[in-house]
Q: 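My questions will all concern the structure given below.
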Amino acid sequence: MDSATPVRSVYVHAPFCVRRCQYCDFAVQVRKIGDLDGWAAALAGELGAIEREGVFPLASSLDTLYVGGGTPSLLGPGAMEMLARLLGRERLVDPALEWTAEANPESFSLEVASGWRAAGLNRVSLGVQSFSEPALRWMGRMHGPDGARQAVATARAAGIRNLSVDLIFALPEGIERSWTEDLDLALALEPPHVSLYGLTVESGTPLGKSVAEGRLATAPEERYREEFLEAAERLGAAGYLQYEVSNFALPGHDSRHNRVYWEGGAYLGLGNGAHSFTDPLRRWNVREWDDYARAAGAGALAVAGREEVGPDARRLERVWLGLRTDRGVPWAELTPGARRLAHEWEAAGLAAISPGSEPGALRLTREGWLLLDRLAVDLDAALGATVPRGDRAPTQV
Ligand code: SF4
């Protein structure tokens with residue numbers, strides 16, 4: 001392993017949320033106010049340990065920095081400046097740096113947005129999810145129907161024009177919400193980037209409990225499909241490119257940080273539950289904030305697990321990650337058996353093939369993306385892999 005490869009992309013987890021949403025399975029610590037000092041002390045300790053270890057050396061200049069959560073905006077206006085000091089201001093001066101933080105409308109004040117912008121942040125991802133009051137209330141979100149519009153205006157007033165809006169589709173049966181209306185309202189805000197999340201039921205969440213006890217029924221498959229396709233068509237017609245199964249961008253506004261994940265690039269994850277990767281090593285931090293803060297605050301690594309990605313797992317990942325983006329899987333990498341399968345998919349409307357053109361590739365259509373997991377496993381099998389189905393990564397549409 002080349003342990004000295006400099007890492008140019010960093011993810012930082014900000015775990016605090018005012019309360020846990022119905023469906024949330026993230027590494028979250030419920031707090032009314034984010035613990036900025038505790039967060040800074042833990043990150044400083046972890047960064048020191050990472051530096052001494054030398055497996056994930058930070059490059060002298062970063063390409064992407066992504067602060068996710070949790071609710072980073074709960075950490076207030078000084079959070080990004082504090083992060084810049086920890087990571088080294090000199091690493092964050094490249095004009096091409098993409099520096100994103102997630103924010104929830106209710107805690108994204110002009111003071112927060114301006115403080116972040118002054119620190120150098122240039123992209124914000126807003127947790128909108130819906131514009132429907134009953135749907136937001138059911139989810140447990142803290143903002144109201146007008147929260148998204150205000151948050152977008154706040155970002156723009158602070159000079160942050162590179163915005164992403166998150167929307168959730170396929171809500172359970174009986175939740176009052178018009179998906180078409182939500183798409184209208186989201187498009188009216190003209191965000192350069194939109195991410196869609198198909199609601200999935202995780203055991204251990206309040207939603208998982210409600211479903212297990214029969215108090216709530218998940219959306220039928222047909223509605224999942226209809227809402228996904230409606231969004232893709234509407235966004236496509238409005239000029240957005242679906243550059244990944246769940247992500248849409250106006251030209252030039254792809255999330256470069258996410259591209260690093262999908263293309264197998266190296267990245268360092270800091271904070272509780274964060275994952276890091278430098279080929280072939282993947283490792284992840286302890287999930288609970290208190291455990292993480294104790295270890296990292298004492299200057300130790302807070303690693304909970306690690307694995308070396310072997311050739312079979314790497315092939316499956318490459319296929320799965322390639323198929324989920326608009327770049328697809330290079331045609332030159334497909335065996336005769338895989339090419340036969342690709343032609344079957346094309347005939348069924350699940351894929352498009354561009355052999356002969358440069359770069360030739362197999363790409364899924366929207367219908368194909370609805371079957372992403374299954375198609376990735378089938379293509380991998382055709383390529384001769386022997387990876388058991390249980391090793392598949394989870395999908396997110
Ligand atoms: S705001 Fe996001 S991270 Fe926090 S509880 Fe809700 S879904 Fe989870």
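As the structure lists them, so they are numbered: ligands from 1, and atoms in each ligand from 1.
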Q: Tell me whether Glu102 reaches ligand 1 (any heavy atom closer than 4.0 angstrom to a ligand atom).
A: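 No; Glu102 lies far enough from ligand 1 that no heavy-atom distance drops under 4.0 Å.
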Q: Should Arg223 and Glu227 count as an ion pair when the cut-off is N to O under 4.0 Å?
A: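 Yes, Arg223 and Glu227 are salt-bridged.
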Q: With a 6.0 Å cut-off on ring centres, are Tyr197 and Phe169 close enough?
A: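 No; Phe169 has its ring centre 6.0 Å or more from that of Tyr197.
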Q: Does this structure show an ion pair linking Asp25 with Arg287, if we count only N-O contacts that are shorter than 4.0 Å?
A: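 The answer is yes: the pair qualifies as a salt bridge.
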Q: Linking directly or through intermediates, with side-chain heavy atoms under 4.5 Å: list the remaining ILVMFWY members grouped with Phe26, chain and number order.
A: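 Its cluster partners, ordered by chain and number, are Val28, Val30.
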Q: If you have a sec, work out which protein heavy atom is nearest atom 1 (S) of ligand 1 and how many Å separate them, to one decimal?
A: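 That would be Asn104 ND2, 3.3 Å.
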Q: Aromatic ring centroids of Phe108 and His143 under 6.0 Å?
A: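 No.
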Q: Going by the rule salt bridge (Lys or Arg N to Asp or Glu O under 4.0 Å), which residues pair with Arg149 if we only count those two or more places apart in sequence or in a different chain?
A: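 Here the qualifying residues are Asp146.
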Q: At less than 2.8 Å, how many protein N/O/S atoms surround atom 8 (Fe) of ligand 1? Leave waters out.
A: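 There are 1 of them.
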Q: Please name all residues satisfying side-chain hydrogen bond (donor to acceptor under 3.5 Å, both in side chains) with His253, sequence neighbours left out, ordered by chain then number.
A: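 side-chain hydrogen bond (donor to acceptor under 3.5 Å, both in side chains) list for His253, sorted by chain: empty.
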Q: Among Arg141, Met139, Gln129, which one has a heavy atom closest to atom 7 (S) of ligand 1?
A: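 Looking at heavy atoms only, Arg141 sits closest to atom 7 (S) of ligand 1.
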Q: For ligand 1, which atoms sit closer than 4.0 Å to a heavy atom of Arg19?
A: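 By the 4.0 Å cutoff, the relevant atoms are 5 (S).
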Q: Compute the ring centroids of Phe16 and Trp39, then answer whether they are less than 6.0 Å apart.
A: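 Phe16 vs Trp39: aromatic centres not under 6.0 Å.
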